[in-house]
Amino acid sequence: MNKNEKFVITINREVGSGGRTVGRKLAEKLGVKYFDKALIESLTEKYGLSVERIEEIKAQKKSWWKDFNTYNQTLVGSTSQPMQAEVKLDTKSMYETEKRILQELAAKESCVVAGRTGFMVFRNWPNHLNIFIQASMEHRVQRIMQRQNVTEQKARDIIAKLDADRETYIKKYEDTSRYDTRNYQLVISMDSLSEDDAVEVIMNYVDRASKL
């Protein structure tokens, strides 16, 4: 990956590893936008987006991507208020819509994407870096306990459910596993690293790769 050209970095992470925070800090360090599940879902619902709706907006040449970056404006060039999500998308349609949104965003500017199956969405992107952030079960349990103020057993239950749900979601659409390291250029274990340490590791990797 060359940081001197338009790029996308994806962060796939195990729950409780600190990967989301690493993604945000990395985006700040690089001076680029950060996108995650919460943002994509809230904007999808706010505008009633679907693949068809995206194509309709693009055909009308409305620059709604600017609104994606400012969160609270109406569609640029539109005299109407943003659409509400009148039709609930099925899981497959939601996946395709989120995939299209992410690809449109990355086509506009460099960004860091956390979650949202980014490693699949951008695996054939011309200038990308896929990262997987993991940690031991002990590390993850302790972090969940502290962050959510729950018991050890509750933390383990949360981890088990989210791990299973995320793996099932990926296998539903792609013939791969999120744990297959061949899907990533960089895998980081957080057991002995702080979030800032992880960002430094990634920045060193990016700097070296940009010189090749």
Kindly give the heavy-atom pair with the smallest separation between [X] and [Y], and that separation in Å.
X: R20; Y: R13; result: NH2-NH2, 2.9 Å
X: A198; Y: V22; result: CB-CG2, 3.9 Å
X: V199; Y: L26; result: CG2-N, 3.9 Å
X: H139; Y: S17; result: NE2-O, 4.2 Å
X: V206; Y: K3; result: CG1-CB, 3.7 Å
X: F35; Y: C111; result: CE1-CB, 3.6 Å

[X]-[Y] co-clustered via ILVMFWY side chain contacts under 4.5 Å:
X: V141; Y: L193; result: no
X: Y34; Y: V201; result: yes
X: I133; Y: M203; result: yes
X: L186; Y: V32; result: yes
X: M120; Y: V187; result: yes

Sidechain-backbone polar pair: [X] side chain, [Y] backbone, donor-acceptor under 3.5 Å:
X: N130; Y: N183; answer: yes
X: E14; Y: D163; answer: no
X: D197; Y: S194; answer: yes
X: D191; Y: S136; answer: yes
X: N127; Y: N2; answer: yes

[X] side chain near [Y] side chain, heavy-atom distance below 4.5 Å:
X: S110; Y: K6; answer: yes
X: Q185; Y: I131; answer: no
X: W125; Y: Q103; answer: yes
X: E200; Y: K29; answer: no
X: T10; Y: H128; answer: no
X: S177; Y: K171; answer: yes
X: V15; Y: R166; answer: yes
X: I9; Y: V113; answer: no

side-chain contact (heavy atoms from CB on, under 4.5 Å) evaluation trace for L105 with K33: CA-CA 9 Å; L105 290 170; K33 294 290 170 47; over 6 Å; no
Residues D165 and T168: side-chain donor-acceptor under 3.5 angstrom: no
Interatomic distance, D157 atom CG to T151 atom OG1 [nearest 0.5 angstrom]: 7.5 Å
CG/N4: more than 12 non-hydrogen atoms of other groups inside 6.0 Å: yes
Sidechain N-carboxylate O distance under 4.0 Å for E28, R24: no
Geometric class of the Y184/F119 ring pair [parallel <30°, tilted 30-60°, perpendicular >60°]: tilted
